[in-house]
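When reading the values below, keep in mind they use all heavy atoms of this one structure, side chains included, and skip hydrogens, waters and symmetry mates. Every chain is numbered from 1, with letters handed out A, B, ... down the list of sequences.
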Amino acid sequence: MNSNELMAELLLPNITKTTDYYENLYPARNLPEGARVTRIAPSPTGYLHLGTLFAALVNRITATSTNGIFYTRIEDTDKKREIEGGIEDIIDGLNRFGITIDEGFVSGTEQKGEYGPYQQSQRAEIYQTYVKELIRQGLAYPCFCTAEELEAVRTEQEAQKVRTGYHGKWAKHRDISYEEAKALIDEGKPFVVRLKSNGNEENKIIFEDTIKGKIEMPENDEDFVLLKSDGIPTYHFAHAVDDHLMHTTHVLRGDEWISSVPKHIQLFKILGFKPPKYGHISPIMKLDNGAKRKISKRKDPEAAVHFFAEQGYDSECVIDYLMTVAASDFEDWRRANPDTSYKAFKFNLKKMSVSGALFDEVKLTDVSKNRVSKLSSGEVYDKITAWAKEFDGEFYEILTKNPEYTKSVFAIDRDVPKPRKDIAKWSEAKEYFSYMFGELYTPNFTLPENINTEDAKDFLNAYKDVYDDKDDRQQWFDRIKAIAPTIGFASETKQYKAEPESYKGHAGDLSTVLRIGVTGRRNTPDLCSIMQVLGRDECIKRIDTAINSL
RNA sequence: GGCCCGGUGGUCAAGAGGCCUAAGACACCGCCCUUUCACGGCGGUAACACGAGUUCGAAUCUCGUCCGGGUCACCA
């Protein structure tokens with residue numbers, strides 16, 4: 001054994017498999033030409049983040065549009081930051097938003113696929129096998145520096161105004177001998193394994209980012225950590241080994257990774273792997289006191305995807321919104337294909353924006369209203385009750401007490417050719433439809449300024465006598481028009497506009513009075529439909545109450 | 001500070017040297033339609049960060065300045 005081989009045995013004595021073993025275990029995927037293999041690799045450190053959902057969507061649609069594979073892999077190499085139930089939160093969140101997972105973690109506990117395990121903490125032996133091979137080749141070495149020593153080096157570098165980091169002459173253990181290492185290990189000193197970088201800061205590496213285009217950066221000359229002292233790899237090393245073994249073709253991730261690309265490409269080369277294509281996704285930003293910043297889970301409620309569920313934004317609407325952010329031509333496509341799943345959209349990574357977009361809830365509202373307006377009353381009923389069941393028990397009880405009635409409420413101005421665009425999210429529905437449910441109805445009989453109370457009462461009394469709940473829209477309005485002249489109002493709006501001084505108002509004003517009487521508000525969907533759904537008895541009751549309250 | 005990336009209306013953006021007198025969407029405003037509010041239709045306000053070059057010609061190419069973002073861990 002030469003000294004490198006001795007070192008390898010010294011550092012990782014329990015590793016007996018070879019890299020060939022794993023290369024054979026995970027053969028190339030049998031996929032059609034052009035199929036892209038993508039993944040997201042979240043760490044279970046908290047709730048599903050909007051940025052993660054966004055990245056998942058981009059990866060999912062990239063795989064879908066090429067008949068490829070999209071898989072999940074859990075990056076839990078940092079046990080300190082891990083939280084209970086983190087995996088479940090993320091995977092369930094993805095499922096909730098309709099992001100289908102071909103392989104990897106498909107639920108909080110269940111993995112599927114031939115390239116597993118899909119959790120890095122379960123892959124320690126694999127990483128160590130590759131590290132051992134690197135040590136054997138003299139491409140990696142143990143470093144015994146303590147945090148304090150590293151800090152001291154850094155301070156010194158700052159004082160000398162030179163580039164900080166563990167590189168070149170600052171890399172204390174870069175040329176450590178087997179004997180020295182053995183002595184330290186015998187003393188029980190902990191160590192990490194570092195890459196013996198062959199990079200030179202003066203040289204440039206150039207790579208083609210599938211989203212951002214050509215990027216040029218200095219080569220990595222830092223002897224960065226491959227294996228932490230607990231034997232678990234750093235992200236960089238795990239990324240190289242996993243994405244090679246799992247045959248990822250496209251690594252599409254947040255652009256905070258862009259500065260690590262030189263390290264990653266270097267690793268792929270040294271390990272003899274073919275590097276994947278990289279695409280770096282710009283973050284979703286938030287305006288904070290006039291300054292743009294990356295949306296943050298701590299500061300922004302909408303950064304946690306949970307927010308959208310609570311608010312009752314339909315998952316498809318959120319996805320559609322995210323698609324408009326991801327692809328500038330998606331909106332046009334959506335207009336041309338209003339009823340097609342976004343999955344059929346021809347997605348192109350090059351069309352993605354290179355700078356971060358501000359999260360725009362107003363735009364989300366618009367996208368949502370458009371889609372919600374196209375749902376049938378039955379679909380709205382199903383979605384809204386599902387939402388209420390989870391987030392508003394009282395509303396759920398009210399909605400489900402009489403499902404047929406509730407559906408007829410949702411059908412107003414909805415199951416028609418030009419549906420009403422009203423609600424964007426389910427949490428608005430309780431207030432929006434409150435006047436349709438006795439338990440929620442609190443009338444407010446405030447008349448518009450141009451109508452006096454006596455006229456309103458006269459009108460309502462007159463209307464009560466002729467009201468017929470079998471009327472269709474035209475008949476319904478004709479009755480109002482018929483009453484108008486009897487109390488000094490114009491039957492036609494045009495009449496009134498032509499001679500405003502001759503009338504107190506017009507039939508439209510009177511319909512407003514009726515609207516206030518029946519629903520307690522000035523703006524509602526079609527009143528005739530509302531009255532039909534409410535039923536004769538309820539309408540009469542409300543009109544009487546209004547007459548007495550005015 | 002070093003290294004990257006970016007900068008077109010309030011927001012998202014189209015734009016690949018002449019088609020730009022700069023698209024479209026959201027938001028906002030006005031008008032029309034109209035039983036209210038919406039919807040829909042029509043119209044409107046509003047932008048190439050700045051400065052030098054290259055060129056017959058620059059939003060587009062180059063350089064500089066400024067501004068914004070990212071990153072410089074035994075975190076991912």
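A:A507 comes within contact range of no nucleotide atom at all, as no heavy-atom separation falls under 4.0 Å. At the heavy-atom level, A:S282 lies nowhere under 4.0 Å from the strands shown. Among the protein residues, A:R154 comes within range of the sugar-phosphate backbone only, with heavy atoms under 4.0 Å from sugar or phosphate atoms but none that close to a base. Among the atoms of the strands shown, base atoms are found under 4.0 Å from some heavy atom of A:P525. When heavy atoms are screened at a 4.0 angstrom cut-off, A:D526 is found touching base atoms of the nucleic acid. Counting any heavy atom pair closer than 4.0 Å across all strands shown, A:S43 reaches sugar-phosphate atoms only and no base atom. Within the 4.0 angstrom heavy-atom criterion, only backbone atoms of the sugar-phosphate kind lie near A:L358; the bases stay farther away.
Under the Watson-Crick and G-U wobble criteria, each requiring two contacts below 3.5 Å, nucleotide B:rG24 is paired to B:rC12. In this entry B:rG2 has B:rU71 as its Watson-Crick or G-U wobble partner, both defining distances falling under 3.5 Å. Under the Watson-Crick or G-U wobble criterion, with both distances below 3.5 Å, B:rC66 is paired with B:rG7. Applying the Watson-Crick and G-U wobble criteria (two distances, each under 3.5 Å), B:rU36 pairs with nothing in any strand.
Rounding to whole angstrom units, NZ of residue A:K481 and P of B:rU34 are separated by 10 Å. For the pair A:D209 CG and B:rC4 C1', the computed distance is 12 Å after rounding to whole Å.
Neither OP1 nor OP2 of B:rA25 sits under 4.0 Å from any side-chain N or O of A:R334. Within the structure, a side-chain polar atom (N or O) of A:K351 is placed less than 4.0 Å from OP1 or OP2 of B:rG15.
The pair A:D320-A:R371 meets the salt-bridge criterion, with a side-chain N (NZ, NE, NH1 or NH2) lying under 4.0 Å from an Asp/Glu carboxylate O. A salt bridge does not link A:K470 with A:D468: every distance from a Lys NZ or Arg NE/NH1/NH2 to an Asp or Glu carboxylate oxygen is 4.0 Å or more.
Here B:rA76 is the nucleotide among B:rU71, B:rU11, B:rA76 with the atom lying nearest to any side-chain atom of A:T234. The side chain of A:K212 sits closest to B:rC5 out of B:rC3, B:rC5, B:rA38.
Note: A:F345 and A:F330 have perpendicular aromatic rings, judged against thresholds of 30 and 60 degrees for the angle between ring planes.
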